[in-house]
Amino acid sequence: MLLGCIGDDFTGSSDLANTLAKGGMRVTQYSGVPNGPAPQDVQAGVVALKSRSIPASDAIAKSLEALDWLLAQGCTQIFFKYCSTFDSTAGGNIGPVADALADALDAHSVIVCPAFPGTGRSVYQGHLFVKDVLLNESGMQNHPLTPMTDADLRRWLAHQTPNGVGHVASQDVFMGAAAISNALEAETRKGKRHIVVDAIRDEDLFEIGKAAKDLPLVTGGSGVALGLPANFGCTVAPVPWTLQNGPAAVLSGSCSIATRNQVAHHIAHNPGREIIAEDVIDGTLTAQDLADWMLSQTGVPIAYSSADPDVIRAVQDKFGTHRASSAIETFMADVAARLTQGGVTRLITAGGETSGAVVEGLDLHTLEIGPEIDPGVPALRASPNLAVALKSGNFGAVDFFEKAAQQLGQP
Ligand SMILES: Nc1ncnc2c1ncn2[C@@H]1O[C@H](COP(=O)(O)OP(=O)(O)OP(=O)(O)O)[C@@H](O)[C@H]1O
Ligand SMILES: O=C(O)[C@@H](O)C(=O)CO
């Protein structure tokens with residue numbers, strides 16, 4: 001294994017795996033830290049953790065365990081993947097995990113770059129934009145677990161780390177890899193360990209990738225990984241896929257604006273059932289009842305807890321944020337298990353935490369990366385009888401769910 005990756009959620013990990021696979025690397029995504037060694041032919045291993053919204057100390061412990069395994073596989077560079085919307089609270093977990101990895105790797109110059117222009121995320125003057133608005137005006141300020149209320153990455157990260165936070169501005173980035181390396185070194189000499197790097201176009205990310213060639217640790221969204229496969233001698237190649245036949249189903253726990261639009265679009269043409277959080281928590285709705293309903297439908301049925309921010313706030317005020325989200329995640333995992341037992345072979349999930357719960361609930365250990373469905377979302381082969389797509393909350397076109405079902409295979 002050449003490149004070792006640690007993803008702080010499951011959809012984000014498949015987003016990164018997708019970028020590396022498109023760049024020509026042989027990639028495998030692992031659910032958690034594997035027990036045994038990886039096959040010799042894997043060039044990039046992505047260890048998917050569910051560490052974005054857990055206590056920082058647990059996120060550090062899990063990430064260091066993943067690091068040990070990746071180093072034991074021979075990796076010469078480590079990539080820490082977090083969300084292109086920098087999902088974190090003032091207490092973590094991006095800063096604490098990046099610090100723990102940097103300590104372990106003796107890394108003094110750590111790139112911080114969540115930019116992903118293909119999905120509208122750019123970093124300019126140290127600030128994160130989603131399309132034409134600042135992060136904190138993009139809807140992300142209402143995220144159920146990690147409300148993003150500040151678009152200045154330098155200021156937000158400074159809450160999370162005792163180490164210096166630096167900046168490489170677009171003027172340097174536009175001049176290419178050598179200028180970026182010089183600017184990184186200048187920031188490191190000033191004692192800055194985490195260095196936010198501006199990037200507004202894919203060209204910028206390829207240059208940043210070149211500049212990252214000899215760095216032991218790189219952190220960011222999947223965009224900054226665009227240039228990494230070439231550093232390992234890989235070249236762009238088509239990603240193979242065998243179509244999966246059989247029934248399809250969608251489970252959506254993401255409450256992002258994009259997902260809510262996709263749900264609204266999907267239920268106009270397909271069977272849909274809303275999951276009311278109270279019904280799950282008080283046991284009025286059981287996983288078996290919902291799975292039975294889904295299995296009896298035609299088309300691509302969807303069950304969704306995706307709801308507007310005021311609905312979520314009311315649920316969280318009544319039951320507590322953690323209790324509400326973990327009840328829904330456990331429920332989604334339970335429904336998924338019953339769907340696959342009932343014959344579903346194409347499963348699509350929306351939301352990183354939701355997808356993590358489903359993948360862990362289904363006990364899927366490795367995922368092979370297939371072709372891209374929409375930017376940042378690949379088809380994934382979980383077993384000879386199960387293909388999945390794990391959609392990040394904010395990703396995908398409005399008709400994503402139907403498109404994903406078709407790209408995974410046939411009814
Ligand atoms: N109706 C609801 N009430 C309260 N919490 C909810 C509701 N629906 C979903 N949730 C919780 O909100 C969280 C949504 O996070 P998730 O990571 O799945 O989506 P996302 O953040 O939009 O996706 P991504 O991380 O890929 O951007 C989950 O923990 C989920 O259980
Ligand atoms: O980077 C992103 O936006 C996604 O891969 C993700 O991490 C969403 O959970």
Side-chain angles (χ1 to χ4, degrees), residues 5-19 29 46 48-54 80-88 94 113-121 128 130 135 138-140 142-148 219-225 251-263 274-281 285 303-333 349-359 374-378 389-396:
C5 308
I6 302 169
D8 71 352
D9 84 341
F10 281 59
T11 50
S13 295
S14 70
D15 168 16
L16 172 63
N18 174 54
T19 301
Q29 178 170 335
V46 183
L49 301 176
K50 207 168 171 301
S51 57
R52 187 174 287 176
S53 301
I54 61 177
F80 170 37
K81 162 72 177 67
Y82 42 76
C83 195
S84 63
T85 42
F86 213 68
D87 298 17
S88 53
I94 295 173
C113 185
F116 187 177
T119 58
R121 275 67 157 177
L128 182 54
V130 177
L135 175 67
S138 69
M140 282 302 295
N142 297 316
H143 190 280
L145 303 176
T146 47
M148 297 307 297
T219 80
S222 63
V224 74
L251 294 173
S252 174
S254 164
C255 300
S256 70
I257 295 172
T259 302
R260 283 183 281 135
N261 286 338
Q262 289 157 345
V263 169
E274 184 174 1
I275 300 168
I276 307 291
E278 280 92 337
D279 293 350
V280 170
I281 294 167
L285 179 66
Y304 58 96
S305 64
S306 315
D308 294 348
D310 49 344
V311 175
I312 311 282
R313 255 191 303 276
V315 171
Q316 291 179 336
D317 288 348
K318 188 162 169 198
F319 299 104
T321 302
H322 178 72
R323 184 164 171 223
S325 62
S326 72
I328 293 172
E329 288 173 29
T330 307
F331 183 79
M332 292 289 196
T349 57
E353 299 297 324
T354 308
S355 302
V358 166
V359 169
D374 263 337
V377 196
L390 312 176
K391 188 193 81 72
S392 292
N394 286 302
F395 288 179

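Atoms within a ligand are numbered from 1 in the order they appear, just like the ligands themselves. Owing to the predicted nature of the structure, the values given are computational and were not obtained by experimental measurement.
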Report task. Please check if the side chain of Q316 supplies one atom and the backbone of P144 the other of a donor-acceptor pair under 3.5 Å. Result ->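 Yes, the answer is positive, given that a donor and an acceptor are paired below the 3.5 Å cut-off.
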Query raised in the report: Between the main-chain N or O of C255 and the side-chain N or O of T259, is there a donor-acceptor pair closer than 3.5 Å?
Result: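 No.
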Look at [atom] and say which protein heavy atom is nearest, naming residue and atom and giving the distance to 0.1 Å.
atom                    : value
atom 18 (O) of ligand 1 : T354 OG1, 2.6 Å
atom 8 (C) of ligand 2  : S392 OG, 3.2 Å
atom 7 (O) of ligand 2  : R52 NH2, 2.8 Å
atom 14 (C) of ligand 1 : G253 O, 3.5 Å
atom 1 (O) of ligand 2  : S84 N, 2.8 Å
atom 27 (O) of ligand 1 : G393 N, 3.4 Å
atom 8 (N) of ligand 1  : S305 OG, 2.8 Å
atom 5 (N) of ligand 1  : I328 CD1, 3.9 Å

Query raised in the report: Will you find, in the side chains of S252 and K391, an N or O donor that is under 3.5 Å from an N or O acceptor?
Result: no
Check [X] against [Y] and note the closest heavy-atom contact, atom names and distance.
X    : Y    : result
I328 : S305 : CG2-OG, 3.6 Å
S88  : M148 : O-SD, 3.3 Å
G7   : S13  : CA-OG, 3.3 Å
N18  : V377 : ND2-N, 4.1 Å
I6   : L49  : CG2-CD1, 3.6 Å
S392 : G12  : OG-N, 4.1 Å

Nearest-0.5 Å distance, [atom1] of residue [X] to [atom2] of residue [Y]:
X    : Y    : atom1 : atom2 : answer
M140 : T85  : CE    : OG1   : 3.5 Å
E329 : L251 : CD    : CG    : 12.5 Å
S256 : N142 : OG    : CG    : 11.5 Å
F86  : T146 : CZ    : OG1   : 11.5 Å

Query - Residue D9 vicinity, atoms of ligand 2 by number, heavy atom under 4.0 Å - result: 7 (O), 9 (O)
Report summary line: Of P309, S325, G356, the residue with the heavy atom nearest atom 31 (O) of ligand 1 is S325
Requested in this report: With atom 22 (O) of ligand 1 as the reference point, say which of A277, G139, S254, A324 has the nearest heavy atom.
Outcome: S254
Do [X] and ligand 2 have an N or O pair less than 3.5 Å apart?
X   : answer
D15 : yes
T11 : yes
K81 : yes

Atom indices of ligand 1 within 4.0 angstrom of [X] heavy atoms, with elements:
X    : value
G352 : 16 (P), 17 (O), 18 (O), 19 (O), 23 (O), 24 (P), 25 (O), 26 (O)
R52  : 25 (O)
P144 : 12 (O)
I312 : 1 (N), 2 (C), 3 (N), 4 (C), 7 (C)
H143 : 20 (P), 21 (O)
L145 : 29 (O)
S392 : 26 (O)
T11  : 26 (O)

Based purely on interatomic distance, does [X] place a nitrogen or oxygen under 3.5 Å from a nitrogen or oxygen of ligand 1?
X    : answer
E329 : yes
E353 : yes
V315 : no

How about [X] and [Y]: do any of their side-chain heavy atoms sit closer than 4.5 Å?
X    : Y    : result
S325 : E353 : no
S14  : Q29  : yes
N394 : T119 : no

Query raised in the report: Side chain or backbone of F395 under 4.0 Å from ligand 2, or both, or neither, by non-hydrogen atoms?
Result: side chain
Query raised in the report: For ligand 1, which part of T85 has a heavy atom less than 4.0 Å away: the side chain, the backbone, both, or neither?
Result: neither
